[in-house]
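What you see is a predicted model; the values in this text were computed from it and never measured. As a basis for the values below, the full set of heavy atoms in this structure was taken, side chains included, without hydrogen atoms, waters or symmetry mates.
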Amino acid sequence: MINIFRRFLTSTRSATAIGILTLLLMVLSLTPAVSQQSAQHSDRQQTEDASNRRFRSALAAYKAQRYAVAQRELDLLVKSVPNSFEANELLGLVYVAQDKQEQANHFLAKAVQLRPNVAEARTALATNLLAIHRANEAEVQFKKVVEMEPQGYDANHNLGEFYIQAGQIASAVPFLKHAQEIDPTAYNNGYDLALALEQTGTLDDAREQIQRLISLRDSAELHSLLAEVEEESKNYVASAAQYEQAARVDPSEQNMLNWGAELLLHQTFAPAIEVFKAGTQRFAQSAQLLDGLGIAFYGAGQMDEAAHAFLRASDLTPSDPLPLTFLGKTCDGASAESAGQIRSRLQSFITYDDHSAELNYYLAVCLWKGNQIESKADLPIKVESLLKRALTLDPSYSDAYFQLGNLYAERHKYEDAVEQYERALKTNANSANIHYRLGQALARTGNSARAQEEFALFERLCKNESDVTNKEQNQIQQFVYTMRKSNENQQ
């Protein structure tokens, strides 16, 4: 431009030329500043383009689950543009994806600081705070999102779920309920709402919520939950029907177990046997279903069949004392052959692990029964040792005191028998049988006055209840609750 201008200057002298020359001089005087601004703009544009390319590359790597690559790109990006909302938020999410929640928190918090009105960013921060056990701070963020979006399904659902995870079930209910009002077809929210209502004891509302969900999606888990609600409402027939419906919709191991267990609780043993038989045919390796089958046979008085089921369950779980605890209960009514198998299995387990009071007790009872059939001089000493071991492990074991008293009475040690019966009554004062046996032992020691008092208590208790029947019912209920608890622990 300068060279041209000079050539033009030397070739003309007219007024017009001078005017043009003046204009060109003015333009020329501005050129350096304009060029500098243009260069700066170009540099900024190049920087922005490079940042955008880096962000797009990191985002693509994140979506492809190449988190290390995404992290490298974003680490460089936040150094060059530290106040980029997008870069901070994405880097936080990348760290979360790598289970590096502590590192993620700085960037997620920075993103919220940069754009405090973005609900998704606050939700991500709240979720991460919860993961690193900063629940109070997480609650603040979740509540802020609800304030920002009071009619937002996600906002209300997430706060409700937060309260469930925090164990504040009652606090969760209004937010889950509002989320359900916003989207009545939301199954997961609806199920959690029904469960929360059941756990807070609002059973009528829980029932209505479950029935609404069933009309939208008929599922086994809904029928199972409805069965629990009906059981808590003492609608036992309806409860059993719902467990049955759950098992018919989805004949899973758990649903078969729930259906059969409900039948056991209500002493309907014949149907329970059929349910558990069907379950064991479908799930041959299920120790829980075999335990249930054994309990059903026990309740029906079929002790040999019960023992066989418990032995099969024990074969599947050799280190689990639960089937053997059930097995020990069948010994008293089992055949000699089955009783021999029971003794052998209990003895083998106790040799390996003698820390179960119940197994020591049941082995003692089984050995004692065998000794009554085929007397051996050393067995009473062995029985006494096992009962004492059971009481060492569980000093409140009323049945062990009772049987030890019976053993002493049989050996004519009546003073010792009286002592054991009295200990048994400390934890089982309303047992008619213990009062009767105590009365017999007192009479043998010559204490006829106290003996008559005990016999009078026995008569009164027998009028009020059937001791044997109640004991069997309580045992079956305990079987079921123990079995259910064992199954929960395994899940």
Side-chain angles (χ1 to χ4, degrees), residues 257 276 280 283-299 301-395 397-404 406-407 410 475-476 478-487 489-490:
L257 184 65
F276 284 117
T280 55
F283 303 100
Q285 302 301 308
S286 171
Q288 290 84 9
L289 287 170
L290 284 167
D291 284 335
L293 180 59
I295 296 168
F297 279 129
Y298 175 88
Q302 299 172 242
M303 297 304 172
D304 284 356
E305 290 83 353
H308 181 61
F310 292 135
L311 285 167
R312 287 171 59 199
S314 180
D315 288 338
L316 292 171
T317 55
S319 62
D320 184 5
L322 184 65
L324 298 182
T325 301
F326 294 161
L327 180 66
K329 296 178 185 290
T330 67
C331 186
D332 193 44
S335 65
E337 180 181 355
S338 293
Q341 292 178 306
I342 295 168
R343 287 193 297 272
S344 176
R345 186 63 63 89
L346 291 175
Q347 183 66 70
S348 296
F349 190 91
I350 288 175
T351 301
Y352 165 74
D353 179 1
D354 75 337
H355 292 87
S356 169
E358 286 186 303
L359 294 187
N360 278 275
Y361 169 80
Y362 286 120
L363 179 57
V365 172
C366 288
L367 288 172
W368 194 359
K369 178 192 176 186
N371 195 50
Q372 291 170 343
I373 298 171
E374 183 180 350
S375 182
K376 294 181 180 179
D378 62 331
L379 273 182
I381 297 173
K382 176 67 173 174
V383 170
E384 181 180 3
S385 175
L386 287 165
L387 290 172
K388 286 182 175 179
R389 174 62 179 165
L391 289 167
T392 298
L393 294 166
D394 182 2
Y397 202 157
S398 177
D399 285 348
Y401 286 119
F402 179 63
Q403 293 297 350
L404 191 55
N406 291 342
L407 179 65
E410 188 175 89
Q475 283 181 334
I476 290 166
Q478 189 60 43
F479 282 180
V480 173
Y481 294 137
T482 303
M483 182 176 66
R484 282 180 169 175
K485 186 66 175 178
S486 174
N487 188 59
N489 291 338
Q490 293 179 24

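- In this structure, S344 contributes its side chain and G340 its backbone to no donor-acceptor pair below 3.5 Å.
- Contacts classified as side-chain hydrogen bond (donor to acceptor under 3.5 Å, both in side chains) and involving residues 324-335 (residues at least two apart or in different chains) are given here: D304-S335, K329-Y362, S335-S338.
- When all heavy atoms of L346 and C366 are compared, the closest pair comes out as CD1-SG, 4.2 Å.
- What you find for Q403 and L387 is that their closest heavy atoms are C-CD1, 3.9 Å.
- A donor-acceptor contact shorter than 3.5 Å is absent between the side chain of T317 and the backbone of D320.
- Considering OG1 of T351 and CZ of F349, their distance stands at 10.5 Å, rounded to 0.5 Å.
- Pairing each heavy atom of D291 with each of F310, the nearest pair is O-CE2, 3.4 Å.
- The CG atom of L311 sits 6.0 Å away from atom CD of Q341, with the distance rounded to the nearest 0.5 Å.
- With hydrogens and angles ignored, the 3.5 Å screen pairs a side-chain donor or acceptor of K369 with a backbone N or O of C331.
- Two rings, from Y298 and F326, have their centers 6.0 Å or more apart.
- The distance from the CG atom of L407 to the CD1 atom of I381 is 10.0 Å, given to the nearest 0.5 Å.
- Looking at Y361, its side chain never comes within 3.5 Å of a backbone N or O of G328 through a donor-acceptor pair.
- Between the CG atom in L290 and the CD1 atom in I295 there is a gap of 11.0 Å [rounded to 0.5 Å].
- Rounded to the nearest 0.5 angstrom, L359 CG and D353 CG are separated by 8.5 Å.
- At least one donor-acceptor pair under 3.5 Å links the side chain of N360 to the backbone N or O of S356.
- Scanning both residues, Y397 and L391, for their nearest heavy atoms gives O-CD2, 3.5 Å.
- Annotation: the span from Q285 atom CD to D315 atom CG amounts to 10.5 Å, rounded to 0.5 Å.
- Closest approach of L327 and I342 over heavy atoms only: CD1-CG1, 3.6 Å.
- Not a single salt bridge (Lys or Arg N to Asp or Glu O under 4.0 Å) links R312 to another residue, sequence neighbours left out.
- When only modelled atom types and interatomic distance are considered, E410 and W368 share a side-chain donor-acceptor pair under 3.5 Å.
- The side chain to side chain donor-acceptor pair (under 3.5 Å) check on E384 picks up K388, Y408, R411, with sequence neighbours excluded.
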List the steps, then state whether salt bridge (Lys or Arg N to Asp or Glu O under 4.0 Å) holds for R389 with D394. CA-CA 9 Å; R389 174 62 179 165; D394 182 2; over 6 Å; no

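- Residues V383 and A364 come closest through the heavy atom pair CG2-O, 3.6 Å.
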